[in-house]
Each structure stands twice: as C-alpha cells, then as structure tokens.
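For the numbers below, each heavy atom of this structure counts, side chains included, while hydrogens, waters and symmetry mates do not. Chain letters run A, B, ... following the sequence lines, proteins first and then strands; every chain starts at 1.
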Amino acid sequence: MANVRVSEWRKLPVSLAELCIDTTLRCGQSFRWKKLQDNEWSCALHGRILSLKQDSTHLHYRTIKPSLSHLLSPPASQRSSTIEGDGEGEDDDTESLIRHYLNLGPDLTALYEHWSSVDPNFKRRAPKFTGVRILKQDAWEALICFICSSNNNIARISQMVHNLCIHYGPLIGHIGDQPFHDFPTPEALTAPGIESHLRELGFGYRAGYIAKTASIVAKERPKGWLQSLCNPELFDSGMDQKGLPDGGREGYRRAHEELLKLQGVGPKVADCVCLMGLGWGESVPVDTHVWQIAQRDYKFGKGKNKSLTKATYDAVGDHFRALWGKEAGWAHSVLFAADLKTFSERLTTKLEVDVDEVEIKKEDGTVLESKVVVKREYILDEVKDEFGESKDGIVLESSRSQRAKRRRLLV
DNA sequence: CCTTAACCTTCACT
DNA sequence: AAGTGAAGGTTAA
C-alpha cells in the first residue's frame, strides 16, 4: 500500500454547546463526511484525510496524509510498517484548517441566547439542537453540492457527491478499504463527455447543470472569481442588527446575483452557497422545509404570500433577517435541523417504560413461549403539531416503524 | 411579475 | 405488489 503519515490524536477544548459534530455534519450542509466507526467522522480536505471525534469537553482530531518521502524512503525491510508515526511537526496547519472549516470563532452559546431572546419559537425549538455550527466550506464544492440538491434527498445527494469525487477528484488515501477523494476542481468537471457520464452515474437532469456551470466557472470567469464573492470581514460578534439592510448587505446581494447567472442555480441554491461557502451570515435559503416552517410558525402562506414565489421568497428572508439579525441564516439552519426527519427522534421524550410479559399459547392453553415486551410511551416535548397524531400531547407510537417493530415482537 | 409543467432517481408508504 | 408522492429546486414557456 501507499506510504502514509498518520498523526497522533490531538484535541481542542470545545463544549457540545459550541459544536456538536454529530448534528452539524449530518444536517445537510455538507455531504462528504463519513461516520466510519464509533462516532469518528472522516473527510478528505486540502490534501489530507481529517478525522474528528468529540466528547463533552474536547474535539479530537487527527490526519492521514500521503507521504512524499516514499520517493526516498528506505526499503520495506528496514521499516516497522508502511505507516509512520506522527510525522508532523510545528508546521502542521491542521489546527488552523479545523478552526477555519468548522468556523470555531463565533460564540455559539451567545448567538443561541440572542436568537432565543428575540424569538420565542427559536427558544422553544433550539434546546434539543444545540451546537449546530455553520461550516466554512469550499465555495466551489458547496456550489456543485447544492446544484445536486434540487428535488433531491440528503442520502442521494451524498451518493452523487461521492460519485463525483471518485471519478473526478484526486485520491487522498484510504481508511480501511474506504477510499477518500478530495472534491474535483472546476477544470476536472469540464472533461469531455462529462454530462452523459454523469447521467449514467444517476445525476439525472443535474448532469447538464454541473457540466455547464463547471464550464462557465473554468472558462468564462477569471481565476479566483468565486472566492472574490466571499464576505471579506472577519466575524464580529454580530448581534447588532444595525447596518443590516432589508435584503442583506451589498456584498451578499452581489454574490447572490452573480451565482444566479450560472446553470442550475436558483435563489435557494445561491443562498446555500452564500451562507455555507461564502460566509454571508444573513443569507436565508428558503426551501420546502423552511417554507413550511415559515407557514407553521411565522404566519406566512396567507394573503400576498400565498405561494412561494420569488417575492415571497424574498419576504421570508427579510422577515428572518429582521427578526434574527446578521446571522439569520445560522439561526435558520438550527430550525432546519430541528425539522429534519433524521433527527425526529429527539423531538420525542421518553415518558415512561412499561414492561409487559407476553405469553404465546396454543388453543388448549399450553404456553409455547413467554417473553418480555418493552412498551414505550412518548410525550412530544412542547411540540404538539407534528410527527403523528397527538392526543393531549401524548403519543403512543413515535412512528410507524416503531409500531411495526412492536408488531414483530408480538407475533 | 405570477403560474405550470417538465425534469432524473430513489425510497417510503399505500 | 404496482402506484404515488416527496426529497433542502430550476428552467423554459
């Protein structure tokens, strides 16, 4: 196998309120992280495989880098293994990469407090979704990933992105037999015949969008064009709404406008790129989920804003910017996460556990089998308007699958 | 400016 | 078991 350098585990002090990787890496803002083993997340970034895990007080990380020294390395007989120990010294830039990518600067606890103080709905929904941090992803990767996201679900988006990386991105290394590729460059995605190939790979109509957008970015835009749309200012505590215009700052509006000129990029995708790739905190992507949240909790969907037209789209964003302030898109992502089916189990709190003994008998009363069945009762924690019918807030089954599981037990 | 239909594919649910 | 609808939408008419 290839020579690689595996670093030791290192750690940064981070509380779960400031960052919860299990939520942040699954909430649909990034699509390449893989959970390989016991709560260890890995992804290829900037020429290395970065692995993360966390406990209640620290974020732990390590890297696997391809070794350049194999060109002049001693014969295998003189080495104990192909894996060398912690090769990095003081020149390791991994910590700064992590701080940047995970956007560890902002005081998330303070931000949650602010959003809670101005919005009772946020205050009610957010407690079970703490530690949701907006990542600073590569803008090009975010652009292509969110082009893939149209009319799609997170599982398939992740599969499509994986396919992109496998076929067009550079191989960085392996963990076990799992290959890790970095995200392909715009140039790589202008390869001849890429559209039909992507169609074969199951991208559907998005194949054309990706091919066209890659071509525009690689050939019709100056180098560094996408990065030039970035928010230049460092994060300031950002809780002042002063100086935040209705439609957001000028730089944000310009970035959004520029992105709309690409293929397969509408208002929602452009906002995702602005928020997660370009650092514009006031960007509020309004998708079907957020539209439903806006109707359910913020009185949208009536009168002038009956359907999600462009005008309504802007009105929803403006409403949230006025309510939450400069980092409105961040607050929006917390509520979005709270609405994902992936996390729906968190909305139900175990109320009690009943243990029943069930006997299976023949007609004559002979006991064939006796087993213990655990019956769970759930109460919806202050959320009484979704996830199943609630009777006085009490729901006997949290989901259909729960019901099916129990039926299986009883048979 | 608003409204519709078409667009690829997968998967859970009926 | 085949059919339907929705999944972090965008485009063209």
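Using a 4.0 Å heavy-atom criterion, one finds that A:Q159 contacts no nucleic acid atom at all. Heavy atoms of A:V286 sit nowhere under 4.0 angstrom from any nucleic acid atom. Using a 4.0 Å heavy-atom criterion, one finds that A:P267 contacts the sugar-phosphate atoms exclusively. Residue-level contact check: A:L275 touches neither bases nor backbone, having no heavy atom under 4.0 Å from any strand. Residue contacts shown for A:C27 include a base, since a base heavy atom lies under 4.0 Å away.
Side chain to side chain, A:S215 and A:E220 fail the donor-acceptor criterion of an N or O pair below 3.5 Å. For the residue pair A:Y313/A:N305, the side-chain donor-acceptor check at 3.5 Å is not satisfied. Side-chain contact, A:Y252 with A:N231: no donor N or O sits under 3.5 Å from an acceptor N or O. Between A:E40 and A:Q37, the side chains place a donor N or O and an acceptor N or O closer than 3.5 Å (distance only, hydrogens not considered).
Comparing the same atom, C1', in B:dT3 and in C:dA7 gives a spacing of 22 Å after rounding to whole Å. A distance of about 14 Å separates the P atoms of C:dG5 and B:dA5, rounded to the whole Å. Atom name P, nucleotides B:dC8 and C:dA13: the rounded distance is 15 Å, in whole Å. Rounded to whole Å, the separation between the P atoms of C:dA6 and B:dT4 comes to 16 Å.
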Can you run through DNA chain B from 5' to 3' and write each base as (, ), [, ], | or . depending on how it pairs? Watson-Crick or G-U wobble, both distances under 3.5 Å. ..|||||.||||||
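Residues A:F180 and A:H162 keep their aromatic ring centres 6.0 Å or farther apart. Checked against a 6.0 Å centroid threshold, the rings of A:Y101 and A:H46 do not count as neighbours. Between A:Y168 and A:F183, the distance from one ring center to the other does not fall under 6.0 angstrom. A centroid separation of less than 6.0 Å is found between the aromatic rings of A:H289 and A:F336.
The distance from atom CD1 of A:I157 to atom P of C:dT10 is 12 Å, rounded to the nearest whole Å. Here C:dT10 presents its C1' atom at 14 Å from CG of A:D287, a figure rounded to the nearest Å. When the P atom of B:dC11 is taken as reference, atom CD1 of A:I154 falls 15 Å away, rounded to whole Å. The nearest whole Å value for the distance from the CD1 atom in A:I144 to the P atom in C:dT10 is 14 Å. Distance, A:N151 CG to B:dC8 P: 11 Å, rounded to whole Å. Put simply, OH on A:Y313 is 18 Å from C1' on B:dC2, counting in whole angstrom units. B:dC7 atom P lies 20 Å from atom CZ of A:F203, rounded to whole Å. One atom, CH2 of A:W291, and another, C1' of C:dG9, lie 15 Å apart when rounded to the nearest Å.
The phosphate of B:dC8 has OP1 or OP2 within less than 4.0 Å of a side-chain N or O from A:R199.
In this structure, the side chains of A:S333 and A:Q29 stay at 4.5 Å or more apart for every pair of heavy atoms.
Residues satisfying the side chain to side chain donor-acceptor pair (under 3.5 Å) criterion with A:Q54, sequence neighbours excluded, are absent altogether. Every residue two or more places apart in sequence or in another chain that forms a side chain to side chain contact (heavy atoms under 4.5 Å, CB included) with A:L171 is listed here: A:H174, A:P179, A:H181.
Within residues 181-192 of chain A, no residue approaches DNA chain C, by heavy-atom distance under 4.0 Å. Looking at residues 204-213 of chain A, you'll see A:Y205, A:Y209 sit with a heavy atom under 4.0 Å from some atom of DNA chain C.
The side chain of A:T309 lies closest to B:dT3 when the candidates are C:dG9, B:dT3, B:dC8. Closest to the side chain of A:K304, out of B:dC2, C:dA7, B:dC8, is B:dC2.
The aromatic rings of A:W115 and A:W330 lie tilted to each other, with the angle between the two planes from 30° to 60°.
Residue pairs satisfying the salt bridge (Lys or Arg N to Asp or Glu O under 4.0 Å) criterion with at least one member in residues 311-324 of chain A, sequence neighbours excluded, are listed as follows: A:K310-A:D314, A:D318-A:R321.
With the nearest nucleotide of DNA chain C identified for both A:S30 and A:V265, A:S30 has the one nearer the 5' end. Residue whose closest nucleotide on DNA chain C sits further toward the 5' end, between A:G264 and A:S149: A:S149.
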